[in-house]
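I have placed the structure first, in the form of structure tokens, so that the comments after it can refer back to it.
Naming: A, B, ... by sequence-line order, numbering from 1 per chain. Computed from a predicted structure; not experimentally measured.
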There are 2 protein chains.
Amino acid sequence: MADIGYPTLKQLMYLQAVIKEGSFRAASQKLGVSQPTITSQIAALEETLGMVLLERSRSGTIPTAAGRDLIPHITNIETEVNGIREQARFASTGGSGVHRLGVPPTLGPYFLPEVLSEVHTTDPTLRLYVREGTPRELENGLLDGRYDLILTTMPVEIGGLVVEPLFGEPFKLCAPPDHPLVGKGKVDASAIKGERLLAIEERHRLFEQMQAMANQFGARLMRDYEGTSLDTVRQMIGTGFGLAFLPALYIRSEIAPRNDVTVLEMSETPSDRDVVLAWRPTAAKRQLYRSLASQMRRICRDKLADCLHVAAPQSTSVPGDGDKYPS
Amino acid sequence: MADIGYPTLKQLMYLQAVIKEGSFRAASQKLGVSQPTITSQIAALEETLGMVLLERSRSGTIPTAAGRDLIPHITNIETEVNGIREQARFASTGGSGVHRLGVPPTLGPYFLPEVLSEVHTTDPTLRLYVREGTPRELENGLLDGRYDLILTTMPVEIGGLVVEPLFGEPFKLCAPPDHPLVGKGKVDASAIKGERLLAIEERHRLFEQMQAMANQFGARLMRDYEGTSLDTVRQMIGTGFGLAFLPALYIRSEIAPRNDVTVLEMSETPSDRDVVLAWRPTAAKRQLYRSLASQMRRICRDKLADCLHVAAPQSTSVPGDGDKYPS
DNA sequence: AAATAGTGATAGAAAATATCTATCACACAA
DNA sequence: TTGTGTGATAGATATTTTCTATCACTATTT
């Protein structure tokens with residue numbers, strides 16, 4: 001839009017006040033500036049826009065048709081500016097606002113419900129907008145700003161992020177109820193040597209961990225029947241397809257309340273997967289994120305200690321993090 | 001809303017550009033200002049609002065949650081500001097805009113349809129928002145800015161207005177079809193001496209004119225049966241209640257097409273009512289209004305000369321109009 | 001008729017803000 | 001190691017905003 005200049009917000013507010021008060025002097029008193037300020041700023045506005053906006057007389061002033069036409073626009077602008085200021089006010093009173101949290105689908109849905117209620121009670125102004133993605137997607141999304149922080153599992157591959165350990169999540173061997181190993185007490189590693197184990201799809205980080213566990217016990221993964229989700233894997237176990245290692249939070253959430261799958265106890269347990277919260281070192285709300293991580297650890301210690309190994313309360317950073325930003 | 005300051009429009013536009021372009025330098029190139037200008041203006045905005053709005057790094061910048069939350073507001077403000085500029089552009093290309101025209105209910109509905117079509121064809125950007133009122137209401141409304149201009153009849157009682165004569169509107173005597181005077185040729189004034197005439201309600205200027213005409217011919221107004229509108233008066237004439245003087249434009253619009261009322265021809269005719277267009281001497285668009293008055297006279301001369309006495313093409317001002325504003 | 005009180009406009013000075021150039025410190029890529 | 005990108009800082013300059021003092025005019029009051 002060529003030729004026509006830009007008004008300033010002050011000019012528009014001065015015009016609105018003159019129209020409302022009916023005179024330059026009344027408006028100047030209302031706004032706390034001098035009357036010549038109002039006169040000159042409105043003259044400048046009229047020159048910028050190329051329109052006469054007010055009819056001036058010695059008994060006061062009324063808007064022209066052109067001036068009147070601007071009023072709805074100015075009212076809308078005022079509303080938006082006050083919306084901005086309201087958000088600023090909200091932020092200044094400690095409001096935490098909306099933050100986008102990325103989570104893996106094999107973890108988020110089984111962990112977040114355990115903690116978000118208390119997080120929200122503690123800070124009603126903090127709202128977490130949760131979205132799922134694979135660890136690769138989560139890390140890339142954190143880097144390019146699509147997430148503000150992510151819940152993920154080690155290893156975090158992109159350098160330079162702040163990484164706060166939350167807990168280690170054990171895996172447990174699950175079998176159909178009529179499997180020969182059920183009811184036989186602790187299962188030795190030799191019992192599943194050569195056994196074919198079910199697994200989730202390869203694109204999940206969890207697949208690699210399932211692969212590592214199978215290798216650890218001399219078992220093999222069935223590559224012909226991969227589950228698209230943990231629920232699918234559970235269903236396959238329940239219908240007698242085979243055994244699988246499943247994560248503890250999933251078991252607690254989706255298997256413990258049922259009896260279609262039996263959780264076996266092994267004499268030798270596979271390694272935990274280490275769950276962490278991560279964010280950019282430049283994040284404006286990094287103090288808030290650190291507090292959030294601490295709170296999540298505490299809730300895990302209070303409520304989930306029987307099935308998780310809660311991490312020690314200190315952060316680490318992945319190599320590449322400079323001294324510039326305290327984590 | 002205490003404490004929180006006001007952003008400026010430029011600051012908001014700088015923030016929006018940085019978020020969109022992904023870096024201060026790209027935004028400064030896009031906006032044609034130097035990069036330190038962007039840096040310092042956004043820092044000032046963050047201080048005004050008390051919020052960190054951007055995460056800065058050496059690879060560019062992304063908005064914080066607080067910064068992102070401002071984007072819809074800034075977009076709305078930009079839209080409204082461009083709406084203002086669009087109106088300015090429209091005005092600068094000769095657009096006439098919306099003007100509020102006050103008219104008497106005994107005249108406006110019978111006159112405006114004769115002229116507004118051509119007025120609109122001549123200037124499609126001129127829109128007249130028509131509202132009715134009594135002459136007293138019209139003059140007061142013009143003074144306090146509720147109307148931009150008014151169609152009214154003389155005398156204009158408030159001083160200091162610009163008054164452009166349009167035409168003189170004759171009155172004609174109307175009778176029921178079976179009245180003894182019907183079919184008797186021209187009616188002498190003596191024929192209605194002592195006759196009781198119908199009239200409109202007293203609050204209309206027209207009532208005074210009907211009173212004057214009755215006095216002129218030695219007749220009397222019926223005060224027991226006043227019509228609330230010209231249509232009501234016509235209906236009363238048609239059902240044999242009596243005679244009345246009615247204005248020529250009303251007759252042309254509402255009676256000529258019917259045969260329930262007969263228009264008599266008198267050897268002595270009553271005075272016209274003088275119809276004028278009036279506006280404030282300070283009106284920004286007074287040149288437009290003068291052109292409008294000229295055009296209305298010309299249309300009356302072209303189309304309505306058989307029933308109106310069109311005024312000469314020059315304006316007069318009611319005493320009280322200073323030399324300050326050309327009319 | 002004179003004085004007073006209100007209006008918006010103008011002139012020039014002062015204050016405040018915005019923008020500039022030059023340069024810095026840092027990180028990353030070649 | 002060098003070159004190229006980023007945002008930040010310092011100080012100067014330019015521009016804008018606001019002020020005080022006063023004007024011209026009109027309407028009201030005395």
- Message: Considering every strand and a 4.0 Å limit on heavy-atom distances, what is the contact class for B:Gln35: base, sugar-phosphate, or nothing?
- Response: base
- Item | Side chain to side chain, A:Leu151 and A:Leu166, heavy atoms closer than 4.5 Å | yes
- Message: Can you confirm whether A:Arg68 sits close enough to A:Ile19 that some side-chain heavy atom of one is under 4.5 Å from a side-chain heavy atom of the other?
- Response: no
- When rounded to whole Å, the CG to C1' distance for the pair A:Leu31 and D:dT17 reads 14 Å
- Item | Interatomic distance, B:Tyr14 OH vs D:dG7 C1' [rounded to whole Å] | 17 Å
- Nearest-Å distance for atom pair CD/P, residues A:Gln29 and D:dT18: 17 Å
- Query: Quick one: on DNA chain D, does A:Val33 or A:Ser59 contact a more 5' nucleotide (nearest heavy atom)?
  - Reply: A:Val33
- Tell whether B:Arg25 reaches the base of D:dG7 with its side chain through a donor-acceptor pair below 3.5 angstrom. yes
- Take the protein atom CD of A:Gln11 and the nucleotide atom P of D:dT16, then report the distance between them rounded to whole Å. 10 Å
- Task: Would you kindly give the CD1-to-P distance between B:Ile38 and C:dT21, to the nearest whole Å?
- Result: 14 Å
- Residue A:Arg56, side-chain atoms from C-beta onward, closest of C:dT21, C:dA9, C:dT7: C:dA9
- Is there a side-chain contact between A:Leu138 and A:Pro104 (heavy atoms, below 4.5 Å)? yes
- Mind calculating the distance between CZ (B:Arg58) and P (D:dG3) to the nearest angstrom? 21 Å
- Message: So does B:Tyr129 get a backbone contact from the side chain of B:Arg131, meaning a donor-acceptor N/O pair under 3.5 Å?
- Response: no
- Message: At 4.0 Å (heavy atoms only), tell me whether B:Thr8 reaches a base, stays on the sugar-phosphate, or touches nothing.
- Response: sugar-phosphate
- Message: Rounding to an integer number of Å, can you tell me how far A:Ile62 CD1 sits from C:dG8 P?
- Response: 12 Å
- Can a side chain N or O of B:Tyr6 be found less than 4.0 Å away from OP1 or OP2 on C:dT17? no
- OP1 or OP2 of D:dT17 under 4.0 Å from side-chain N/O of A:Thr37: no
- Task: Would you mind telling me which of D:dA8, C:dG8, D:dA21 lies closest to the side-chain atoms of B:Phe24?
- Result: D:dA8
- Task: Write down the distance between CD (A:Gln41) and C1' (D:dT17), rounded to a whole number of angstrom.
- Result: 6 Å
- So CD1 of A:Ile84 and CG of B:Asp69: to nearest 0.5 Å the spacing works out to 11.0 Å
- Can you find a side chain N or O atom of A:Lys10 that sits less than 4.0 Å from OP1 or OP2 on D:dT18? yes
- Query: Contact class for B:Ser34 vs. all strands (heavy atom < 4.0 Å): base, sugar-phosphate, or nothing?
  - Reply: base
